[in-house]
Amino acid sequence: MLDELREIEASEDAYTVVTSAESVFAPHVDELEARFVTGTEEDDAIATEEVRATALDLTPSPATYYSMTALSALVATAGLLLDSPAVVVGSMVIAPFVGSALTASVGTVLDERDMLWEGLKTQLLGLVLAIAAATAFSAGLRYATVIPPALDVTTTQQIASRISPGLLSLVVGACAGAAGAFGLATGVSVALVGVMVAAALVPAAAAVGIGIAWNVPGVALGAFLLLVLNVVAIHLSAAAVLWYLGYRPDRSTAGGDTAVGSTPRYASAAILGVVLAATLLASGGLVGAQIGFERQANDAAGDALDAEAYADLELVSVSSAFRLRGPIASGDVQRVTVVVARPADQPYPALSRTIADRLERDTDREVAVTVEFVERQTTTPEPSTAVDSAGSG
């Protein structure tokens, strides 16, 4: 119907308004419902104009957007410092980043330069505000001694999981962007997808602020790299899905900038693509090095525990803080934490040195290994006693 309306519109002042029908009263309504409600009429994708309008509508007014961003950053910071997953999830619910992320992606595939730059600007300013709010809040808590200043933030599980970006972190961002694009293009509510997008952005931004406030460059740098990777992954995956679903500039009649003498079509998207690709390659190289080191750390810990002297031990997890290797981090020590389950009250004082020696030999890096023991007790079933159940007669 929209295609036919475009063909008959003669005036530049003409416009189309699309509304949803709440109910239908007509003969043969069952046939209509089977065709248009429960059935499939061509495909599930909604019109380009509706995608564009919905994406713009997802971002609230600036005052609301930046207020909700700051509040979500404060909640995320509190959740990370409290090591509370429930509080961190709460920060994701109130974060408004899904609108700016999808606006930028829609602007990319539709060659809507105003949408593209508006989405990128809003998202960038929002993330800067989130980091600043988290930094100020964390510094206030630290210097007011609400949180002990000597706290090692790398030992907090919710923070430690966001300062060492890896392949799974990239998968989370890519899936969040793809899910948002599918929801937007098929008319499905993107409210829950917004939580997923926020999950990839808000805790990482809060962790950057905590690292700055506690003056721990490894935390700030690792979380910032995770944040950059997720931003790029969300944008690229959302744009790729929208392109796959068939959204193109020639399907849109609103908002485009294709006048004679204007910037060539897709020039903005091409420039952005080059920037995102360069960012992905640079940060991906650092993440690849981190993933390689984590694999070596896992292998070293597993090989050490395979020795007969450690037969009673069980490897639980291996984690490492993100560190750059090179002039920026010259002489820096790579820290690795190994969690091991052991029988109660059995000491293994040489285990950390054993793992460190193996890892230093494999990686040619100075390593500090911390072994955390989780005591384990296993009950042994007692043999059942046979009971003579024969009765007297």
Side-chain angles (χ1 to χ4, degrees), residues 52 54-78 80 88 91-108 110 112-140 162 173 176-177 180-181 184 190-191 193-213 220-221 223-239 255 257 268-269 271-276 278-280 282-283:
R52 181 180 181 278
T54 303
L56 290 172
D57 193 52
L58 286 173
T59 302
S61 65
T64 302
Y65 177 85
Y66 293 117
S67 297
M68 296 293 284
T69 296
L71 291 174
S72 67
L74 298 182
V75 174
T77 303
L80 293 178
V88 174
S91 71
M92 304 171 191
V93 175
I94 62 177
F97 286 114
V98 65
S100 57
L102 291 180
T103 296
S105 298
V106 171
T108 300
L110 298 184
E112 295 270 359
R113 281 181 277 280
D114 290 341
M115 285 187 67
L116 171 59
W117 299 121
E118 180 64 24
L120 291 177
K121 181 190 72 173
T122 304
Q123 190 172 45
L124 177 61
L125 292 178
L127 292 175
V128 170
L129 175 62
I131 294 174
T135 302
F137 185 46
S138 301
R162 291 174 172 88
L184 179 67
V190 295
V193 179
V195 177
M196 191 63 190
V197 171
L201 301 179
V202 178
V208 174
I210 293 173
I212 295 173
L221 182 60
F224 181 74
L225 183 58
L226 174 63
L227 181 62
V228 170
L229 277 173
N230 282 336
V231 169
V232 174
I234 289 171
H235 185 88
L236 290 179
S237 61
D257 183 10
S268 299
I271 294 172
L272 178 63
V274 172
V275 173
L276 293 180
T279 303
L280 187 62
S283 55

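Numbers here simply count residues along the sequence, with the first being 1.
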Just jot down the side-chain contact (heavy atoms from CB on, under 4.5 Å) partners of [X], sequence neighbours excluded, or say none.
| X | result |
| --- | --- |
| Ala95 | Ser72, Phe97, Ala198, Val202 |
| Ala132 | none |
| Val208 | Ile131, Ile212, Ala223, Phe224 |
| Leu125 | Tyr66, Lys121 |

So which atom in [X] and which in [Y] form the shortest heavy-atom distance, rounded to 0.1 Å?
| X | Y | value |
| --- | --- | --- |
| Gly194 | Val98 | CA-CB, 3.6 Å |
| Ala233 | Gly173 | CB-C, 3.9 Å |
| Ala130 | Thr69 | CB-CG2, 4.1 Å |
| Ala238 | Ser105 | CB-OG, 3.3 Å |
| Thr59 | Gly99 | OG1-C, 3.1 Å |
| Leu227 | Leu201 | CD1-O, 3.5 Å |

I need the [X] [atom1] to [Y] [atom2] distance, nearest 0.5 Å.
| X | Y | atom1 | atom2 | result |
| --- | --- | --- | --- | --- |
| Leu221 | Leu226 | CG | CG | 11.5 Å |
| Thr108 | Leu120 | OG1 | CG | 6.5 Å |
| Leu80 | Arg162 | CG | CZ | 6.0 Å |
| Ile234 | Leu229 | CD1 | CG | 11.0 Å |

Residues forming a side-chain hydrogen bond (donor to acceptor under 3.5 Å, both in side chains) with [X], sequence neighbours excluded:
| X | answer |
| --- | --- |
| Gln123 | none |
| Ser237 | none |
| Ser67 | none |

Do any pairs count as a salt bridge (Lys or Arg N to Asp or Glu O under 4.0 Å) and have a residue in residues 195-204, sequence neighbours left out, and if so which ones? none

Chi angles and distances behind the side chain to side chain contact (heavy atoms under 4.5 Å, CB included) call for Met92, Val88: CA-CA 7 Å; Met92 304 171 191; Val88 174; 3.6 Å; yes

Not counting sequence neighbours, list each pair that qualifies as a side chain to side chain donor-acceptor pair (under 3.5 Å) and has a residue in residues 91-101. Tyr65-Ser100

Would you say Thr103's side chain and Met115's backbone share a donor-acceptor pair under 3.5 angstrom? no

What do the steps show when you test Leu102 against Val197 for side chain to side chain contact (heavy atoms under 4.5 Å, CB included), and what is the final call? CA-CA 10 Å; Leu102 291 180; Val197 171; over 6 Å; no

